[in-house]
Amino acid sequence: MRFSFVRKAAITIVLVGLFDRLFPYGFSGAVIGGFAGAWLVGVVLGRADVRRDRRAWYALALAGVFSVALIDDPGSLSWALFWCALSIAALMPRTGRFDDAWHWAARLGLHAVSGIVTPIADVSRSLRARRGVRHSPGAVAAILALPLIGGGLFIALFAAANPVIAQVLAAIQLPSIVQMLVWALVATCLWPSLRPHSLVTRLAARLPDPEPILPGTSLPSVLIALALFNGIFAVQNALDIVVLWSGGPLPAGMTQTEYVHRGAYPLIVTALIAGVMALAMLRPGSASERHPWARRMVVLWVVQNLILVASSAWRTIDYISTEMMTGLRLAALAWMALVALGLILICWRILAGRSARWLINRNALAAFVVLAVCSFIDLGAIAAAWNVRHQSPHRVDLCYLAGLGDAALLPLIDLEHRTMDAATRDRIRHVRAQTYTDLSARQESWTHWTARGARRLVTANAMLGPDPAHPSALPDGAWWNCDGSVGGASTPAPRP
């Protein structure tokens with residue numbers, strides 16, 4: 001369309017102005033979701049090809065879902081998923097089809113990088129006349145010199161002669177260098193979604209299919225390697241079954257907690273490496289892929305890796321029960337479930353003769369589902385609630401709960417209502433009061449307000465009642481530690 005470029009430039013300017021108004025003090029609050037929704041509308045209005053592409057509308061719908069998640073509780077995961085969905089919608093009309101997650105990951109990476117060069121290239125192209133006449137920077141400067149210099153001269157003379165014009169000019173505040181840099185950065189992020197660079201799709205299309213290749217994967221090498229790997233993994237799994245699953249004796253000088261914590265994450269890395277090696281050793285069309293014993297030993301190896309993942313999950317669960325739950329450990333359990341599913345899909349791919357594209361798409365879909373669910377739930381709140389329910393009040397790590405912020409507010413109120421000694425209750429009461437005060441202050445500011453925070457505040461007020469208890473006063477020269485204890489002075493007598 002004739003005015004397509006101008007319309008997209010106008011949409012970008014409006015969105016940059018909206019960003020400047022919505023985030024005067026930082027990128028936070030439910031207004032992030034509002035800005036995401038405005039960006040989504042801008043892409044729909046500015047891109048006729050997106051409006052005509054039915055597949056792009058599925059990606060736009062997902063972007064709308066994640067913008068709702070950003071309104072409820074903004075987070076980096078929700079923002080990343082929103083950007084990916086919006087970028088897929090922007091690129092979909094230029095790809096023709098959804099081929100596989102491997103090529104789309106490359107497109108999204110190139111699309112993100114292209115944001116640096118796309119606005120510069122488009123501005124340079126816009127300086128050329130539509131009838132084929134090229135305007136160099138010197139020619140453009142020559143064209144603008146007379147109106148700019150003459151206009152500035154006349155404005156200065158009128159300001160000297162007319163006090164009203166002088167006052168208006170004095171009231172104008174030019175933006176700072178930092179503010180202009182922020183505007184340029186936001187425009188750089190917005191512009192590629194309205195005018196994606198053609199190199200994004202061209203370079204991604206040249207990527208080969210993701211078939212892992214290892215040197216020395218002849219049939220004899222594969223058979224020997226599989227026999228050796230199965231033997232090594234059998235020893236590891238046997239030791240885990242004896243020590244971890246059956247409660248056998250530990251090595252001298254090692255506690256159960258040390259044994260459990262030491263192997264949780266290295267075993268997952270081992271399973272991932274083994275999965276990639278299994279794919280490379282039974283690459284489609286190779287001699288080992290058609291050999292019955294190679295296929296059997298790979299299946300056995302994958303099963304042993306599943307036992308390895310189960311041991312890692314058991315170690316993590318055991319460590320949580322002896323120590324505490326954290327959001328990171330909860331995410332690690334979800335990651336282990338994805339690794340186990342990936343191993344099962346690898347085994348199915350080998351037995352059914354599926355392609356690498358099939359395998360990657362299924363794993364990407366599983367990962368997307370898990371990440372989408374995590375964008376709507378608060379892992380920190382789940383971890384805090386678990387610790388409060390399964391630990392005695394004096395064992396709960398109050399520093400960790402304080403670090404979670406308002407995610408731990410409701411569990412802290414539950415913990416405060418349990419039976420305990422007065423000193424522990426006073427510490428919990430301080431952490432709860434500080435968390436409640438911080439949440440209340442943020443909810444009073446429209447730039448920091450969130451829907452989830454509003455729901456938590458209503459529930460907290462109902463649980464605390466009209467006259468919540470207050471912690472003991474802080475002595476002169478003292479300070480509160482993260483766990484509610486008092487530092488720098490003698491501890492005051494706690495309230496009962």
Side-chain angles (χ1 to χ4, degrees), residues 25-29 73-77 257-258 261 316 319-332 377-445 448-450 452-457 459-461 463-464 468-496:
Y25 310 112
F27 196 63
S28 63
D73 188 46
S76 56
L77 176 60
T257 300
E258 290 173 340
H261 185 60
T316 304
Y319 192 70
I320 288 171
S321 63
T322 56
E323 296 295 324
M324 69 173 184
M325 172 74 82
T326 65
L328 182 60
R329 290 168 189 163
L330 191 58
I377 62 177
D378 193 335
L379 297 181
I382 295 174
W386 191 95
N387 291 329
V388 168
R389 286 196 307 268
H390 294 85
Q391 293 181 327
S392 57
H394 69 278
R395 289 195 68 244
V396 174
D397 189 341
L398 294 178
C399 283
Y400 174 71
L401 296 188
L404 291 176
D406 60 279
L409 177 58
L410 303 184
L412 280 169
I413 297 174
D414 285 333
L415 183 63
E416 185 182 354
H417 292 159
R418 293 173 59 181
T419 302
M420 69 193 79
D421 60 275
T424 303
R425 188 185 305 279
D426 198 61
R427 290 171 48 227
I428 295 171
R429 190 170 288 164
H430 164 72
V431 176
R432 184 266 303 162
Q434 185 64 47
T435 305
Y436 178 88
T437 301
D438 293 344
L439 177 60
S440 299
R442 288 198 305 273
Q443 291 301 111
E444 290 177 357
S445 172
H448 295 88
W449 183 94
T450 64
R452 183 177 294 175
R455 293 196 303 272
R456 278 184 180 149
L457 197 58
T459 305
N461 288 330
M463 295 172 67
L464 290 171
H470 299 282
S472 302
L474 189 66
D476 294 336
W479 61 83
W480 295 110
N481 295 316
C482 63
D483 62 350
S485 60
V486 178
S490 58
T491 305
R495 300 186 181 186

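In summary, R442 and D406 engage in a salt bridge, as defined by a charged side-chain N under 4.0 Å from a carboxylate O. Salt bridge annotation for D378-R456: present, with a cationic side-chain nitrogen under 4.0 angstrom from a carboxylate oxygen.
Shortest non-hydrogen contact noted between A478 and V486 is CB-CG1, 3.6 Å. Of all the heavy atoms in A407 and G380, the pair that sits closest is CB-C, 4.2 Å. Nearest approach of P471 to A433, heavy atoms of both residues: CD-CB, 4.2 Å. In plain terms, the two heavy atoms of R395 and T322 that are nearest each other are NH2-O, 3.3 Å. The two residues A383 and T326 come nearest to each other via the heavy atoms CB-C, 3.6 Å. The shortest heavy-atom contact between C482 and A402 is O-CB, 3.7 Å.
A donor-acceptor contact shorter than 3.5 Å links the side chain of Q443 to the backbone of T450. In terms of modelled atom types and a separation under 3.5 Å, the side chain of R432 and the main chain of A408 share no donor-acceptor contact. Although no hydrogens or angles enter the test, the distance criterion places a donor-acceptor pair under 3.5 Å between the side chain of T435 and the main chain of V431.
In this structure, the separation between CZ on R425 and CZ on R418 is 10.5 Å, given to the nearest 0.5 Å. Between atom CG of residue D397 and atom CE of residue M324 there is a gap of 4.5 Å, rounded to the nearest 0.5 Å. Atom NE2 of H430 is separated from atom CG of N481 by 8.5 Å, given to the nearest 0.5 angstrom. One finds the CG atom of L412 at 11.0 Å from the NE2 atom of H417 (value rounded to the nearest 0.5 Å). With rounding to the nearest 0.5 angstrom, the CG atom of D426 is 9.5 Å from the OG1 atom of T424. Between the CD1 atom of I320 and the CH2 atom of W386 there is a distance of 6.5 Å, given to the nearest 0.5 Å.
The side chain to side chain contact (heavy atoms under 4.5 Å, CB included) test applied to L77 returns L81, L371, C374, S375, not counting sequence neighbours.
Neither side chain, Y400 nor D483, offers a donor N or O lying under 3.5 Å from an acceptor on the other.
Counting heavy atoms from C-beta on, the side chains of L457 and Y436 come closer than 4.5 Å.
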